[in-house]
Amino acid sequence: MTRFKRILGLLIILSSFSSLAATTIADEQLSFESTFNEEKPSSNGIYSLKVPKNHKNPDGEKVDIYYFFHKATSESDRIGPLFFNFGGPGSDAIGGAKNMIQDLPVSITKSFDLIFLDPRGTGKSAFANEIRKCKEKKTCDTDAFIKGIAPYMGTNAVADDMDALREHLGEDKISYLGYSYGTRLGSIYAERYPDRIRAAVLDSSMSPIFENEGGLSIDMAKNHEKIAEYRLNYRFERLEKLRNIVGIVRNKSNYQTNDGYSFDKKNIYTLLDFLVEKDNQDSIDWFKSKKYAAITKLLDTDEGKDFHDIYILQEQKKQQEQSTMGFVYPIVSCTDEITPLTNEEISNEDKYWQSSMIYGGFLFEFSQTCLNWKAKRSPIASADDINRNISSNILIIGGRYDPNTAYNWAEDMHKTIKSSTLITVDGYNSVRHGFSFSGTKCVDEITTGYLFNPSKKISDTTCKRSPPNNLMFSPKNWQERVEYERLSKP
């Protein structure tokens, strides 16, 4: 626990989403004034609820959880509550509520009470303030502090909080939309309370197969290499050159280019990071970007000037104020582990390199989250438990080139929940994370239809993202890039 490194954005989703013009309530004035009471909500606002600190001891100590409530705008059309989680673990929900509400179709805001529950350790919910204070105090005994709260912060506890809130609201069932880590929370809630789930959308799904953080990180190395293949236009010689460069810096040597530039491991890891960063703007085509040109010039002709000038010499101000996510992420992730690894296993770099000779070391650098873990765990349900206990129709969404949650993780969840449907997102600028209600019409229509009628079985399908109308000059072989034949093994 003393080695809390910078956590990669493997399981993080931003809580803001692009607008869906014409179908949203963007002009609605939302009240975010806290009411801080336990009354059953009747108007929009932030509310609190006392729940057991330890749900196994319901009569024991109580803690507060906070949530934003947005009432269905049409009482006659009202279906029930729709819970949201934006991932992390460590992301709050209330902070993303306004943008989410504005981006939802009017039909959903009319028909559902929208519930944004801040998980324990985030926002103003239980333990969040204590975490902030410990993070700010240099004298805080981190190990002792985490040992005291970790058993009450795992996914099981948050799932139980969700059900306590459902009961408080007087609802028999809930609908749910979770992104990234929120898909773990949603699947665990559905496993623990199978009779209480009306509908569940698991968008950018985590895998239920891996039973510890190490397994997820090792598998992610293969996913990163797959995305790098796509980003390098499936040119085998480029991948081989990149493997060669990574091998040189892995041995603590600098890579020297033909034009006299020297790159150390940090520089090359920056390059690897660029290859898997998310597409955030529809107007920017990766294959026409300066990054693509600089990286491919380095790999094709061994000239490093453009890469050096653009990404090394120029200082990029990417440093953001550290949030409490760096604290919450390991607490929840390590508490959830079903089969923890030993310190020796966590420190074994070989399995990462076996997964990918390009991204193995890159992932290992940031993946020793549970090293020296001493706190008590609360293991989540296994894949077998989920398979056995969930029989409702669950909607799973996975991106072919999702850099934060691998596409095969969505496939794992789909295979585990036999009654589920898998929607695959592919096509233009699809190196993304989180797809529903973010501008992909096909996904939005399927998700909306499912939320209104979750009992209607739909077939697995692929949603193809298309270039926007104002992008008239996409690469001629863009479709060929999408419908590719693999040139190398991950």
- Message: Taking salt bridge (charged side-chain N to carboxylate O under 4.0 Å, His left out) as the definition, give me every residue that meets it alongside E61, ordered by chain and number, with sequence neighbours left out.
- Response: K53
- Task: Show your reasoning for whether salt bridge (Lys or Arg N to Asp or Glu O under 4.0 Å) applies to K133 and E130.
- Result: CA-CA 5 Å; K133 288 181 178 179; E130 293 92 328; over 6 Å; no
- Under the side chain to side chain contact (heavy atoms under 4.5 Å, CB included) test, residues paired with D412 that sit two or more places apart: S207, P208, I209, F210, N408, W409
- Note on the structure: With D118 as partner, the option from I65, V158, D92 fulfilling side-chain contact (heavy atoms from CB on, under 4.5 Å) is D92
- Mind jotting down which residue pairs meet the salt bridge (charged side-chain N to carboxylate O under 4.0 Å, His left out) criterion with at least one end in residues 181-194? Sequence neighbours excluded, please. D160-R192, R184-D336
- Message: Donor-acceptor check, side chain of N251 to backbone of G247, threshold 3.5 angstrom: yes or no?
- Response: yes
- Query: Under 3.5 Å, is there a donor-acceptor pair between the side chain of N387 and the main chain of K418?
  - Reply: no
- Query: Would you say D203's side chain and F435's backbone share a donor-acceptor pair under 3.5 angstrom?
  - Reply: yes
- Message: Could you report the tightest heavy-atom contact between I115 and Y67, atom names first, then the distance?
- Response: CG2-CD1, 4.2 Å
- Indicate the ring-plane relationship of F127 and Y152, choosing parallel, tilted or perpendicular according to the 30° and 60° boundaries. parallel
- Note on the structure: With F287 as partner, the option from Y234, Y428, Y292 fulfilling ring-ring contact (aromatic ring centres under 6.0 Å, His included) is Y292
- Message: If we check side-chain contact (heavy atoms from CB on, under 4.5 Å) with Y181, which of these qualifies: N404, T405, N85?
- Response: N85
- Message: For T339, give me all partners under side-chain hydrogen bond (donor to acceptor under 3.5 Å, both in side chains), at least two apart in sequence or on another chain.
- Response: E211
- List the steps and the verdict of side chain to side chain contact (heavy atoms under 4.5 Å, CB included) for M100 and Y179. CA-CA 12 Å; M100 187 78 245; Y179 299 86; 3.8 Å; yes
- Contacts of type salt bridge (charged side-chain N to carboxylate O under 4.0 Å, His left out), residue D300, not counting sequence neighbours: R238
- Taking every heavy atom of I394 against every heavy atom of Y450, the minimum-distance pair comes out as CA-OH, 3.7 Å
- Message: Quick one: does any side-chain atom of W286 pair with a main-chain N or O of D279 as donor and acceptor, under 3.5 Å?
- Response: no
- side-chain hydrogen bond (donor to acceptor under 3.5 Å, both in side chains) assessment of S382 paired with D385: CA-CA 5 Å; S382 67; D385 294 328; 3.1 Å; yes
- Could you walk me through whether L275 and I227 pass side chain to side chain contact (heavy atoms under 4.5 Å, CB included), step by step? CA-CA 7 Å; L275 282 174; I227 295 170; over 6 Å; no
- Task: Report yes or no: does S205 contribute a side-chain atom to a donor-acceptor pair with the main-chain N or O of A410 at less than 3.5 Å?
- Result: no
- Item | By ring pair (Phe, Tyr, Trp, His ring centres under 6.0 Å) - contacts of Y255 (at least two apart) | none
- Short side-chain to backbone donor-acceptor contact, S180 and S204, under 3.5 Å: no
- Task: Would you give the length of the straight line joining atom CD1 of I423 to atom CD1 of I446, rounded to the nearest 0.5 angstrom?
- Result: 4.0 Å
- Minimum heavy-atom separation for I390 to S187, with atom names? CD1-O, 3.6 Å
- Query: Checking side-chain contact (heavy atoms from CB on, under 4.5 Å) against S378, which of T155, V332, N54, T335 comes through?
  - Reply: T335
- Query: Has the side chain of S333 got a donor or acceptor atom that lies under 3.5 Å from a matching backbone atom of P330?
  - Reply: no
- Correct closest heavy-atom pair for E213 and E337 would be N-OE2, 2.9 Å
- Task: Answer yes if the side chains of Y189 and D163 hold a donor-acceptor pair under 3.5 Å, and no otherwise.
- Result: yes
- Note on the structure: Taking every heavy atom of R243 against every heavy atom of I358, the minimum-distance pair comes out as CG-CG1, 3.2 Å
- Message: For a side chain to side chain contact (heavy atoms under 4.5 Å, CB included) check, start with the C-alpha distance between D143 and K147, then their side-chain angles and the critical distance, and finish with the verdict.
- Response: CA-CA 6 Å; D143 283 353; K147 198 172 182 179; over 6 Å; no
- Report the residues that fulfil side-chain hydrogen bond (donor to acceptor under 3.5 Å, both in side chains) with D161, sequence neighbours left out, ordered by chain and then residue number. H55, R120
- Task: Specify whether F263 and Y261 have parallel, tilted or perpendicular ring planes, treating 30° as the upper limit for parallel and 60° as the lower limit for perpendicular.
- Result: parallel
- Spacing of CG belonging to L202 relative to OG1 belonging to T421, to within rounding of 0.5 Å: 11.5 Å
- All heavy atoms of N212 vs all of G215, minimum pair found to be OD1-N, 2.8 Å
- Item | Contact list for residues 340-350, test salt bridge (charged side-chain N to carboxylate O under 4.0 Å, His left out), sequence neighbours left out | none
- Task: Sequence neighbours left out, what pairs pass disulfide bond (SG atoms under 2.5 Å apart) with at least one residue falling in residues 326-358?
- Result: C334-C370
- Message: Do L232 and I295 make a side-chain contact, defined as non-hydrogen atoms from C-beta onward lying under 4.5 Å apart?
- Response: yes
- Task: Look only at the side chain of S355 and the backbone of I218, and say whether a donor-acceptor pair between them is shorter than 3.5 Å.
- Result: yes
- Query: Salt bridge check: are R231 and E277 linked by an N-O gap of less than 4.0 Å?
  - Reply: no
- salt bridge (Lys or Arg N to Asp or Glu O under 4.0 Å) evaluation trace for D302 with K241: CA-CA 9 Å; D302 204 43; K241 179 61 176 286; 3.1 Å; yes
- Query: Could you give all pairs that pass the salt bridge (charged side-chain N to carboxylate O under 4.0 Å, His left out) test and reach residues 257-269, with sequence neighbours left out?
  - Reply: K265-E365
- Message: Going by disulfide bond (SG atoms under 2.5 Å apart), name the pairs with one or both residues in residues 232-276, residues two or more places apart or in two chains.
- Response: none
- Message: Assess the residue pair I268 and V246 against the criterion (side chain to side chain contact (heavy atoms under 4.5 Å, CB included)); give the C-alpha distance rounded to whole Å, side-chain angles, the decisive distance to 0.1 Å, and a yes or no.
- Response: CA-CA 7 Å; I268 298 306; V246 169; 4.2 Å; yes
- Modelled atom types, side-chain donor and acceptor of Y407 and T424, under 3.5 Å: yes
- Would you please name every residue forming a ring pair (Phe, Tyr, Trp, His ring centres under 6.0 Å) with F116, sequence neighbours left out? F84
- Ignoring hydrogens and geometry, is there a side-chain-to-backbone donor-acceptor pair from T257 to E303 under 3.5 Å? no
- Indicate yes or no for a side-chain donor-acceptor contact from Y176 to the backbone of I197 under 3.5 Å, with no hydrogens or angles considered. no
